[in-house]
Amino acid sequence: AEAFKDEEKVHIIDFEIGQGNQWLAFIKDLASRPGGPPKLRITGVGDPDSDASRSGGLQWVSRRLSEVAEVGGVPFE
């Protein structure tokens with residue numbers, strides 16, 4: 001989060017988002033940033049042939065990350 005300390009917007013593209021666990025602590029760190037968090041956008045890419053993708057995995061990850069961001073007051077899309 002320190003690399004983004006002066007940024008108002010952050011867009012991350014994750015080509016192997018999986019369950020999105022790698023972003024939970026990052027979102028929490030942004031939430032506690034002095035001066036308030038930036039607007040955060042995470043674009044997740046998954047394998048369209050995987051069982052997780054066919055069963056709505058990316059939508060689940062999106063909802064989960066959105067909830068964590070909302071609790072921390074991080075503008076998220």
Side-chain angles (χ1 to χ4, degrees):
E2 188 174 323
F4 303 108
K5 67 181 179 178
D6 296 322
E7 300 297 329
E8 294 179 14
K9 297 179 185 177
V10 177
H11 184 185
I12 296 166
I13 301 172
D14 186 338
F15 289 98
E16 282 293 331
I17 196 156
Q19 294 181 358
N21 293 331
Q22 66 274 29
W23 300 116
L24 300 177
F26 179 72
I27 292 170
K28 290 175 184 176
D29 285 347
L30 290 179
S32 65
R33 186 174 88 163
K39 181 177 179 182
L40 177 62
R41 180 177 188 173
I42 299 176
T43 301
V45 179
D47 178 0
D49 295 326
S50 74
D51 289 337
S53 290
R54 286 193 300 269
S55 64
L58 287 177
Q59 289 82 13
W60 178 84
V61 171
S62 176
R63 284 191 305 274
R64 182 173 179 225
L65 295 177
S66 292
E67 289 170 3
V68 171
E70 184 177 352
V71 167
V74 178
F76 182 81
E77 66 176 278

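Start at 1 with the first residue, then count along the sequence. This structure is a prediction, so every number in the text was calculated from the model and none was measured.
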Any residue meeting side chain to side chain contact (heavy atoms under 4.5 Å, CB included) with Glu8, in chain and number order, not counting sequence neighbours = none
Quick one: side chains of residues 35-43, donor-acceptor pairs under 3.5 Å with protein atoms, not counting sequence neighbours, listed by atom name and distance.
from: Lys39; atom 1: NZ; to: Glu77; atom 2: OE2; distance (Å): 3.2
from: Thr43; atom 1: OG1; to: His11; atom 2: NE2; distance (Å): 2.7

Can you name the one residue among Leu30, Asp29, Leu24 that meets side chain to side chain contact (heavy atoms under 4.5 Å, CB included) with Phe26?
-> Leu30
Of all pairs that satisfy salt bridge (charged side-chain N to carboxylate O under 4.0 Å, His left out), the ones with a partner from residues 17-27, not counting sequence neighbours = none
Taking every non-hydrogen atom, the tightest pair across Gln22 and Glu16 = NE2-O, 3.9 Å
Val61, Val45: one ILVMFWY side-chain cluster at the under-4.5 Å cut-off?
-> no
Are Ile12 and Ile27 linked, directly or through other ILVMFWY residues, by side chains that come within less than 4.5 angstrom of each other?
-> yes
Which atom pairs, one a donor and one an acceptor, fall under 3.5 Å between side chains of residues 64-73 and the rest of the protein, sequence neighbours left out?
from: Arg64; atom 1: NH1; to: Gln19; atom 2: O; distance (Å): 3.0
from: Arg64; atom 1: NH1; to: Asn21; atom 2: OD1; distance (Å): 2.5
from: Arg64; atom 1: NH2; to: Asn21; atom 2: OD1; distance (Å): 2.8
from: Ser66; atom 1: OG; to: Ser62; atom 2: O; distance (Å): 2.8

